[in-house]
Amino acid sequence: MIGPDVIIIGAMKCGTSTLAAQLGAQDGVFLTQPKEPNFFSDDDIYAKGTAWYEALFSGAHVGDITVEASTHYTKLPTHPQTIARLKATGLRPKLIYMVRDPMARLVSHYIHEWTQGVITCSLDEALRQHPELVEYSLYGKQVTPWVEAFGADAILLLTMEEMKTDPHEVLATVGDFIGRTGMVWRDDLGRMNASSERIKRFPLHGLVFDNPVAQTLRRTLVPKVVRDGLKAKRQMQSRPALSDAERRRLEPIFAADAQRLEEHFPQASGLIFGEMKDAT
């Protein structure tokens with residue numbers, strides 16, 4: 001089967017889009033479009049068949065390193081068949097797993113779902129109603145089945161924090177791992193898929209707000225003070241924070257999972273996560 005040489009398997013809200021964009025901008029590296037096909041995880045996408053998936057790589061040149069990046073691949077228990085489906089193809093890609101401070105990740109995940117209108121309640125309440133906010137931050141739990149299936153040597157563990165601190169070194173590390181040295185970090189690309197603006201979307205959002213014609217009419221007919229007021233009502237004014245009670249509840253959960261991660265990747269013991277550190 002034709003498929004990727006490299007898969008960025010997650011985690012969600014950990015800088016995977018930024019890394020994928022950087023790889024896609026390098027000579028000799030081919031990134032699928034869409035970047036995140038979620039083929040092996042999502043039942044409706046998998047139903048399109050292997051021919052559909054193989055076609056995503058049809059634009060690659062001979063000698064290119066082919067890459068896809070699907071964060072759904074590390075979303076247990078939501079997508080339990082991912083690894084079995086990939087193994088059945090006979091493909092043995094190199095895998096990149098990006099993590100970040102687990103508490104910071106779940107907050108960014110919450111913001112993302114809030115902007116999409118999936119979550120409308122407070123952060124603390126959302127943790128009770130949406131267990132996936134915590135589940136996807138359990139990196140040891142998420143990556144263990146991948147280690148069992150492909151081996152720890154097939155997986156490169158990176159952190160969003162180190163990519164922010166020294167992106168050039170991180171890209172060099174990735175290059176060594178995938179066999180494409182000499183890659184250069186493109187500062188002009190910026191961060192991808194950042195949630196800093198935190199504006200809530202709603203049905204027909206693209207038609208009303210992103211459509212160029214609608215934008216022109218809105219700016220022509222609606223005073224700026226009115227537009228700004230409407231935008232403010234749809235905007236999360238500040239980054240939400242976990243309550244002290246929720247932090248205390250989550251600390252031992254994340255600490256136990258960190259130990260599980262370290263069993264597979266001893267270097268993970270040196271990771272310093274800001275929000276976790278501040279909570280201790």
Next on the checklist: side chain to side chain contact (heavy atoms under 4.5 Å, CB included) for Arg260 and Lys141? Distances and angles first, verdict last.
Outcome noted: CA-CA 7 Å; Arg260 188 175 185 182; Lys141 175 180 179 178; 3.7 Å; yes
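- Within the 3.5 Å criterion, the main-chain N or O of Ala69 finds no donor-acceptor partner in the side chain of Thr16.
- Hydrophobic clustering keeps Val184 apart from Phe30 (ILVMFWY residues linked when any side-chain heavy atoms are closer than 4.5 Å, directly or through intermediates).
- Of the possible polar contacts, one joining the Asp101 side chain to the Met103 backbone as a donor-acceptor pair under 3.5 Å is found.
- Under the 4.5 Å side-chain criterion, counting only non-hydrogen atoms from C-beta, Leu86 is in contact with Ile7.
- Checked for salt-bridge contact, Arg128 and Glu125 meet the test: a charged N lies under 4.0 Å from a carboxylate O.
- A heavy-atom distance below 4.5 Å is not found between the side chains of Arg100 and Ser137.
- Using a 4.0 Å cut-off between charged nitrogen and carboxylate oxygen, Glu246 and Arg249 count as a salt-bridge pair.
- Using modelled atom types, one finds a donor on one side chain and an acceptor on the other under 3.5 Å when comparing Thr71 with Glu36.
- Here the two rings, on His109 and Tyr136, have centers that are under 6.0 Å apart.
- Under the 3.5 Å distance criterion, the side-chain polar atoms of Thr82 are left unmatched by any main-chain donor or acceptor of Tyr73.
- Here the straight-line distance linking atom OG1 of Thr74 with atom CH2 of Trp146 works out to 8.0 Å at 0.5 Å rounding.
- Considering CG of Leu106 and CE of Met12, their distance stands at 11.0 Å, rounded to 0.5 Å.
- Using a cut-off of 4.0 Å between Lys/Arg side-chain N and Asp/Glu carboxylate O, Asp43 and Arg85 are scored as salt-bridged.
- Heavy atoms only, all atoms of each residue included: Leu31 and Gly24 are closest at CB-CA, 3.9 Å.
- Summarising the geometry, atom CD1 belonging to Ile8 is positioned 8.5 Å from atom OG belonging to Ser17; distances are rounded to the nearest 0.5 Å.
- The distance from the CE atom of Met98 to the SG atom of Cys14 is 7.0 Å, given to the nearest 0.5 Å.
- With hydrogens and angles disregarded, no donor-acceptor distance shorter than 3.5 Å links the side chain of Gln22 to the backbone of Thr18.
- Smallest separation of non-hydrogen atoms from Thr66 and Ala60: CG2-CB, 3.7 Å.
- Between Tyr53 and Phe40, the distance from one ring center to the other falls under 6.0 angstrom.
- For the pair Glu162/Pro167, no side-chain contact is recorded, criterion being any heavy-atom separation below 4.5 Å from C-beta on.
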Checklist entry - Please walk me through it: do Leu171 and Gln26 pass side chain to side chain contact (heavy atoms under 4.5 Å, CB included)? => result CA-CA 11 Å; Leu171 190 62; Gln26 307 297 320; 3.9 Å; yes
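- Counting all heavy atoms, side chain and backbone alike, Tyr139 lies closest to Asp257 at N-OD2, 2.8 Å.
- Side chain of Glu135 to main chain of Lys75: no donor-acceptor pair is present (N/O by atom type, distance under 3.5 Å, no hydrogens or angles).
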Item to check | side chain to side chain contact (heavy atoms under 4.5 Å, CB included) between Met163 and Leu158, intermediate numbers included | outcome: CA-CA 8 Å; Met163 189 169 70; Leu158 299 172; over 6 Å; no
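- Listed here is the closest heavy atom pair of Ala126 and Ile119: CB-CG2, 3.9 Å.
- For CG of Asp27, the number of neighbouring non-hydrogen atoms (other residues, nucleotides, ligands) closer than 6.0 Å is 12 at most.
- At least one cation-pi condition fails for Lys48 and Phe39: the charged atom is not both under 6.0 angstrom from the six-membered ring centre and inside a 45 degree cone around its axis.
- Under the 4.5 Å side-chain criterion, counting only non-hydrogen atoms from C-beta, Leu123 is not in contact with Trp114.
- In this structure, Ser70 and Ile9 have side chains that are not in contact, with every pair of non-hydrogen atoms separated by 4.5 Å or more.
- Leu157 and Leu76 sit in two unconnected hydrophobic clusters of ILVMFWY residues. Membership requires side-chain heavy atoms under 4.5 Å apart, directly or through other members.
- Atom CD1 in Ile65 sits 4.5 Å away from atom CD1 in Ile178 (nearest 0.5 Å).
- In terms of hydrophobic clustering, with Ile, Leu, Val, Met, Phe, Trp and Tyr side chains grouped at heavy-atom distances under 4.5 Å, Ile253 and Val107 are assigned to a common cluster.
- Remark: the backbone N or O of Ala55 is paired with a side-chain donor or acceptor of Ser58 at under 3.5 angstrom.
- Note that the CG atom of Leu23 and the CD1 atom of Ile96 stand 6.0 Å from one another [nearest 0.5 Å].
- Linking Ile, Leu, Val, Met, Phe, Trp and Tyr whenever their side-chain heavy atoms come within less than 4.5 Å puts Val118 and Leu133 in one cluster.
- Among all heavy-atom pairs drawn from Lys13 and Arg105, the shortest one is O-CG, 4.0 Å.
- The side-chain heavy atoms of Phe177 and Lys94, taken from C-beta on, include a pair separated by under 4.5 Å.
- Looking at Leu56 and Pro34, their side chains come closer than 4.5 Å, going by heavy atoms from C-beta outward.
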Next on the checklist: Could you go through Lys87 and Phe150, starting from their C-alpha distance and side-chain angles, then the distance that decides it, and tell me whether this counts as side chain to side chain contact (heavy atoms under 4.5 Å, CB included)?
Outcome noted: CA-CA 9 Å; Lys87 284 197 70 175; Phe150 297 100; 3.7 Å; yes
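- Residues Leu242 and Leu127 come closest through the heavy atom pair CD2-CD1, 3.5 Å.
- Asp5 has its side chain out of reach of Phe57: every pair of non-hydrogen atoms, C-beta onward, lies at least 4.5 Å apart.
- A salt bridge is absent between Lys35 and Glu68: the closest approach of a Lys/Arg side-chain nitrogen to an acidic carboxylate oxygen does not fall below 4.0 angstrom.
- With Asp166 contributing its side chain and Glu169 its backbone, the two residues share a donor-acceptor pair below 3.5 Å.
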